[in-house]
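FYI, the numbering just counts along the sequence from 1. What you see is a predicted model; the values in this text were computed from it and never measured. Atoms within a ligand are numbered from 1 in the order they appear, just like the ligands themselves.
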Amino acid sequence: MNGSVTMRYASDGCDHESAPILSVEQVRRYLIERVLPVAGKEVVATETALGRVLAEDQRALMNIPGADNSAMDGYALASRDSERAGEFRLVVSQRIAAGQVGQPLAPGTAARIFTGAWLPPGADTVVMQEYCRIEPDGTVVIHGPITRGANVRRAGEDIAADACILRRGTRLRAQELGLAASVGLARLPVFRRLRVALLSTGNELVEPGAALRPGQIYDSNLYMLAGLLQGLGCEWFSAGWVPDDPTQTHEALERAAEAADLVIATGGVSVGEEDHVKAAIREIGHLDLWRVAVKPGKPLAFGRIGATPFLGLPGNPVSAFVTFCLFVRPFVQRSQGIVCGQGGADTVPRSFPVEAGFEWSGAKKRCEYLRARLRLTENGATIVEIYPNQSSAVLTSAAWAEGLVEVPEGHTVAHGQTVQFFPFSELLS
Ligand code: AMP
Ligand code: MG
């Protein structure tokens, strides 16, 4: 997207109707280009680093495995002592369990060995105990032929000493923590957590736990967004429930921006007279406002309050949910210091083709994201179904779903047609 075009619209103080219409990809790219990742670092214990973003490359100071070792319980021998075919017999000269170090293997003998034990000097092969027979005199009878190097895990075959095992910008999953521990790293340098302020706007909103008066509804967006942010490893705090009032909106946004790395507001970015967020951001900072060609989730605002980025999501809960998945998540991930495409997290969600078990007439001018679920049919095929009510106010659809089906602009869907399914694993973590 041409940034200067958007800036022109933005600083013109345009309103919703005149805002440019942009595609999902254009908006995603525009946002990603404007990320300023957190720079602060801290060192944490490896076992507490799940979900954190690695701040420095990590190298192995050793080979993993550290030495040739046995992959099986069996007998270690020198392959030159084996017969090409048929049975052969060797004296068992020593016993080596995991954690023990054996003696050099006497020529023409075998060592009883267990999984993980280092091979004694002179041995190059392990024969599984299932292929061995112990004689009453303690010798071992082995059925040849054997393959040199069989059942041996070679020194450095997993990791070579001095190799970079984890790259800066990797979001750490359980397997990365295990890998770090395997080379002896008890602590890891990570970026500090991104701190996000959440703000719900609307006179009608009430905090769950309080009594509802006529006309009021409980705020669901704050709780949903707090969960989504926690899933991404962010810190969050509520910057309050803001009534539809210009002064209070202005004050709440300024306060939120002072304490946060990112401010996310829901509601109040639409066309209505009661939508004060846009005006407030223009007063105290800078605003880009778009109509994104996406359903649900048309209005989306991005701006800055001082140096703090601001994202304004639609108030309808499903619209807020979908726009979070499509736009906020990649922005947040980059802000956390995650490098795209690097183990653990990707900023561009991946999808896979599935057969549609539904029909859809399509939203014509917008790319649609339907709340969907996979189902295994009796003949073993996987099809995707959609929730019957796809209204952007029906949050039950998102709770029911396992992912989103994308219906590109101008497309319809017929039964049996192939559609792209984005599992929530690609959108929420
Ligand atoms: P708005 O974008 O402010 O025009 O809101 C659009 C719709 O979403 C209205 O029906 C609001 O009542 C509803 N809504 C806005 N914010 C929330 C929220 N935090 N939780 C639940 N519904 C909301
Ligand atoms: Mg509102």
K.L.:
Examine the proximity of ligand 1 to I217 and report which part, side chain or backbone, both or neither, has a heavy atom under 4.0 Å away.
P.N.:
side chain
K.L.:
Identify, for atom 20 (N) of ligand 1, the protein heavy atom at the shortest distance, and state residue, atom and that distance.
P.N.:
S220 N, 3.0 Å
K.L.:
Can you name the atoms of ligand 1, numbered from 1 with element, that are less than 4.0 Å from a heavy atom of D219?
P.N.:
18 (C), 19 (N), 20 (N)
K.L.:
For atom 2 (O) of ligand 1, which candidate among S392, G315, S319, G202 holds the nearest heavy atom?
P.N.:
G315
K.L.:
Determine whether the side chain, the backbone, both or neither of L222 has a heavy atom under 4.0 Å from any heavy atom of ligand 1.
P.N.:
neither
K.L.:
With rounding to the nearest 0.5 angstrom, report the OG1 to CD1 distance, T170 to I338.
P.N.:
9.0 Å
K.L.:
Hey, which atoms in ligand 1 end up nearer than 4.0 Å to a heavy atom of G268?
P.N.:
1 (P), 2 (O), 3 (O)
K.L.:
Set out, in order, the CA-CA distance, both residues' side-chain angles and the distance that settles salt bridge (charged side-chain N to carboxylate O under 4.0 Å, His left out) for R192 and E42, then state yes or no.
P.N.:
CA-CA 6 Å; R192 71 169 176 79; E42 57 183 318; over 6 Å; no
K.L.:
Can you pull out the closest protein heavy atom to atom 18 (C) of ligand 1? Residue, atom name and distance to 0.1 Å, please.
P.N.:
N221 ND2, 3.2 Å
K.L.:
What is the nearest protein non-hydrogen atom to atom 4 (O) of ligand 1, stated with its residue, atom name and distance?
P.N.:
D275 OD1, 4.0 Å
K.L.:
Could you list the atoms of ligand 1 found under 4.0 angstrom from a heavy atom of E204?
P.N.:
11 (C), 12 (O)
K.L.:
Taking only heavy atoms of N316 into account, list the atoms of ligand 1 that are under 4.0 Å away from them.
P.N.:
6 (C), 7 (C), 8 (O)
K.L.:
Are L427 and F321 close enough that some pair of their side-chain heavy atoms sits under 4.5 Å apart?
P.N.:
no
K.L.:
Using a cut-off of 6.0 Å, state whether more than 12 heavy atoms not belonging to W118 lie near its atom CH2.
P.N.:
no
K.L.:
Taking only Lys NZ, Arg NE, NH1 and NH2, and the carboxylate oxygens of Asp or Glu, determine whether R255 and E258 approach each other closer than 4.0 Å.
P.N.:
no
K.L.:
With a 6.0 Å cut-off (strictly less than), is the heavy-atom count around OH of Y218, excluding the residue itself, greater than 12?
P.N.:
yes
K.L.:
Can you tell me how the ring of W290 sits relative to the ring of F302, calling it parallel under 30°, perpendicular over 60° and tilted otherwise?
P.N.:
parallel
